[in-house]
Q: 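Sharing a structure below in structure tokens format, with a few things to ask.
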Amino acid sequence: MYVTSSRPAYQMAIFSTRKLLCICIFSFSLLSLAYGRVNPSFRVRAVNLGGWLVTEGWIKPSLFDAIPNKDFLDGTGLQFKSVTVGKYLCAEAGGGTIIVANRTSASGWETFRLWRINETTFQFRVFNREFVGLDTAGNGIDIVAVSETPGTSEMFEIVRKSDDLSRVRIKAPNGSFLQVKTEELVTADSKGDGEWGDDDPSVFVMTIAGRLQGEFQVTNGYGRVKAPQVMKEHWSTFIVEDDFKFISSNGIDAVRIPVGWWIASDPTPPPPYVGGSLLALDNAFSWAQKYGTKVIIDLHAAPGSQNGYEHSSSRDGSQEWGQTDQNIQETVSVIDFLTARYAKNPSLYAVELINEPLSPGVSLERLTKYYSAGYDAVRKHSSTAYVVMSNRLGPADPKELFPLASGMQGSVIDIHYYNLFSDVFNSMTVQQNIDFINTNRSTQLNQVTTSNGPLTFVGEWVAEWQVRGATKEDYQRFAKAQLEVYGRATFGWAYWTLRNVNNHWSLEWMIKNGYIKL
Ligand SMILES: *[C@@H]1O[C@H](CO)[C@@H](O)[C@H](O)[C@H]1NC(C)=O
Ligand SMILES: *[C@@H]1O[C@H](CO)[C@@H](O)[C@H](O)[C@H]1NC(C)=O
Ligand SMILES: *[C@@H]1O[C@H](CO)[C@@H](O)[C@H](O)[C@H]1NC(C)=O
Ligand SMILES: *[C@@H]1O[C@H](CO)[C@@H](O)[C@H](O)[C@H]1NC(C)=O
């Protein structure tokens, strides 16, 4: 097959000229014995270890249980409706000027994203990314959203009514409370000591419009003292040696391990992150070695967040990765560090440079720049590890990385296939979902699978859908169809994920309950 013909060329090209001389006198079979990791017909059947070294609250909600004041974590989106004027607080023009209270419905400009300073003190980020604060350049009591670097003038407390948590007052840094004087004038000069009635201009009805539950939220939520204990407990219990035993005895030969950029500065990562995830990754590598499992390291969270989701450890939904050369260089250093550390471990199979960068926020030009440098960083330490490049989410051509990746030996394109996250799946029946795999996904996969291009990897998929009330047999057929189609990906596939409180998202549960058999 096409893969067979391209692999020996790869094997040769990555050796130095000096080695090449020797290699030429050996046969290819000897070569593949010596460099067994490069096997043309082999495809990984992998599982992701999601929610382990990069937190995702929906995978293990209990991790957040003991956070004090846990409704107010970083990135929580709050909306405030004034009880006196009956309208929402709004950063006029999305930010950069005054705060008003004249909007009848709430959306982007009316949503304030929290930065948590501690369990009682917060900063509010507006749509255009400025922070709400006192108008220190003016009269000192008007509320504005002009600061790009929040300080003490941007710190607020949220005081909830004890018997109705949706009614709140907002205490400004000068000790006074916000009040709505008119629809166009919001000031910090109320005593805030009334009866919480509908005639009190300091009272707002608060709506929680969105939450993030990622690594930033859990560590900053617990704070410096408790976070290290909680995270160490999580890392040492969520994935253990027995899991490697389980997967290797159930037909899974590789793990894709999401990691965050802070792992490279273990044991003292920048706050709020805490040290210890590197030790957990070391353990994974030794268990992998013991059970003959291959490891794909996956940089799931890059500094600044490449997609604004909690799974890339975004603080407040912003996507800021890749905007400066320094940020890209910092990310390359993380890849360099990880590859150097595990290059000699026989289980290291591949390094994924970044997971799911989001278009258009991450431009193809910036991404290409990073992928080139990241590829070189891997090759500096390993000639055999595959280098995986994730396609962009959002509007992007699925073959856009081909010009770059085709020139790189041992490159792999990662594509994620979920029958979710798009309205087209909302009303699909069981059979329509299965047909979609057999027809549409199959076509999509064919489009990115070429004889001289990069290998293809369905690095995330799951036997879950929008169908409600489906039977076990329905799920079995759905999983089987996906296994069959994704089995044609030339690098392999990886289920999302091994363990999850949502049963169908847990490969462990799916195997133990007979939904999936490999
Ligand atoms: C809200 O007030 C601002 C400031 O006066 C004004 O520019 C804007 O047009 C008002 N918006 C609405 C919907 O009334
Ligand atoms: C929270 O932070 C504010 C501002 O730094 C500080 O005044 C306050 O004492 C802190 N509260 C707690 C509970 O640490
Ligand atoms: C908040 O600032 C306003 C204006 O400077 C002032 O009138 C008010 O007394 C301040 N509140 C406190 C508690 O300092
Ligand atoms: C799936 O493929 C079929 C056949 O090519 C096409 O008619 C259909 O529109 C596709 N469905 C979606 C949701 O893209």
Side-chain angles (χ1 to χ4, degrees), residues 67-70 72-74 79-82 85-110 114-124 126-128 131-135 138 142-147 149-160 170-176 180-187 220-227 271-272 395 398 415 417-447 465-467 481-482 485:
I67 297 178
N69 211 4
K70 67 178 172 173
F72 299 140
L73 299 181
D74 290 275
Q79 296 165 345
F80 302 98
K81 191 179 192 175
S82 159
V85 302
K87 293 188 180 173
Y88 289 94
L89 286 188
C90 169
E92 186 56 37
T97 174
I98 55 174
I99 300 293
V100 291
N102 65 4
R103 295 308 204 280
T104 51
S105 65
S107 143
W109 292 4
E110 295 79 26
L114 291 185
W115 277 27
R116 178 170 164 130
I117 305 305
N118 56 40
E119 63 183 89
T120 54
T121 304
F122 307 92
Q123 293 162 337
F124 296 99
V126 302
F127 187 82
N128 291 344
F131 292 83
V132 176
L134 293 174
D135 178 19
D142 288 357
I143 300 298
V144 294
V146 294
S147 171
T149 49
T152 50
S153 297
E154 286 75 34
M155 287 182 189
F156 297 88
E157 284 175 44
I158 303 168
V159 179
R160 298 175 104 166
I170 302 167
K171 192 177 188 184
N174 73 350
S176 295
V180 174
K181 287 212 175 108
T182 71
E183 289 191 10
E184 292 170 11
L185 184 61
V186 183
T187 56
N220 202 34
Y222 279 108
R224 274 167 187 257
V225 178
K226 284 182 82 181
I415 45 201
Y417 289 153
Y418 291 101
N419 279 22
L420 293 160
F421 312 124
S422 161
D423 291 345
V424 306
F425 301 112
N426 285 353
S427 55
M428 276 192 189
T429 62
V430 168
Q431 192 54 45
Q432 284 169 335
N433 271 282
I434 292 170
D435 291 345
F436 188 86
I437 301 299
N438 290 328
T439 322
N440 308 61
R441 290 305 188 207
S442 179
T443 305
Q444 289 173 346
L445 187 58
N446 276 340
Q447 278 165 359
W465 47 19
Q466 302 282 23
V467 180
Q482 292 189 84
V485 171

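One-based numbering, in listed order, for ligands and for the atoms of each. We're numbering straight along the sequence, starting at 1.
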Q: Just to confirm, does any protein heavy atom lie below 4.0 Å from atom 2 (O) of ligand 4?
A: yes
Q: What protein heavy atom sits nearest atom 11 (N) of ligand 4, and how far off is it?
A: Asn440 ND2, 2.8 Å
Q: What protein heavy atom sits nearest atom 13 (C) of ligand 2, and how far off is it?
A: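 That would be Thr120 OG1, 4.2 Å.
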Q: By the definition salt bridge (Lys or Arg N to Asp or Glu O under 4.0 Å), identify the one residue from Glu184, Glu110, Glu183 that meets it with Arg103.
A: Glu110
Q: Pick, from Thr439, Thr443, Asn438, Asn419, the option with the minimum heavy-atom distance to atom 4 (C) of ligand 4.
A: Thr439
Q: Just to confirm my output: which protein heavy-atom neighbour is closest to atom 5 (O) of ligand 2, and how far is it?
A: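 Looking only at protein heavy atoms, the one closest to atom 5 (O) of ligand 2 is Met155 SD, 4.2 Å.
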Q: To check your reading of the model: name the closest protein heavy atom to atom 10 (C) of ligand 2, its residue, and the distance in Å.
A: Asn118 ND2, 2.5 Å
Q: Would you mind reporting whether Phe72 and Thr120 have side-chain heavy atoms less than 4.5 Å apart?
A: no
Q: Kindly say whether Val144 contributes a backbone atom to a donor-acceptor pair with the side chain of Asp135 at under 3.5 angstrom?
A: no
Q: Counting from 1, what ligand 4 atoms have a heavy atom of Phe436 closer than 4.0 Å?
A: 12 (C), 13 (C)
Q: Any sub-3.5 Å donor-acceptor pair from Asn220's side-chain atoms to Arg116's backbone N or O?
A: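 Present.
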Q: Would a 4.5 Å heavy-atom cut-off, applied to side chains only, mark Gln123 and Met155 as touching?
A: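 The answer is yes, as the side chains (C-beta and beyond) meet within the 4.5 Å cut-off.
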Q: Out of Trp115, Phe122, Phe124, which one pairs with Phe131 under the ring pair (Phe, Tyr, Trp, His ring centres under 6.0 Å) rule?
A: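 By the ring pair (Phe, Tyr, Trp, His ring centres under 6.0 Å) criterion, Phe131 pairs with just one of Trp115, Phe122, Phe124: Trp115.
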Q: Within a distance under 4.0 Å of any heavy atom of Glu184, pick out the atoms of ligand 1 and give their elements.
A: 2 (O), 5 (O)
Q: What do you reckon, is OH of Tyr417 surrounded by more than 12 foreign heavy atoms closer than 6.0 Å?
A: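 Yes, enclosed.
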Q: Knowing that exactly one of Leu114, Ile117, Ile170 qualifies, which makes a side chain to side chain contact (heavy atoms under 4.5 Å, CB included) with Phe156?
A: Ile170
Q: If we set the cut-off at 4.0 Å for heavy atoms, which region of Glu183 has an atom near ligand 1: side chain, backbone, both, or neither?
A: neither
Q: Which is closest to atom 14 (O) of ligand 1 in terms of heavy atoms, Leu185, Asn102, Thr104?
A: Asn102
Q: I need the nearest protein heavy-atom contact for atom 9 (O) of ligand 1: residue, atom name and distance, please.
A: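 Looking at atom 9 (O) of ligand 1, the protein heavy atom closest to it is Glu92 OE2, 4.6 Å.
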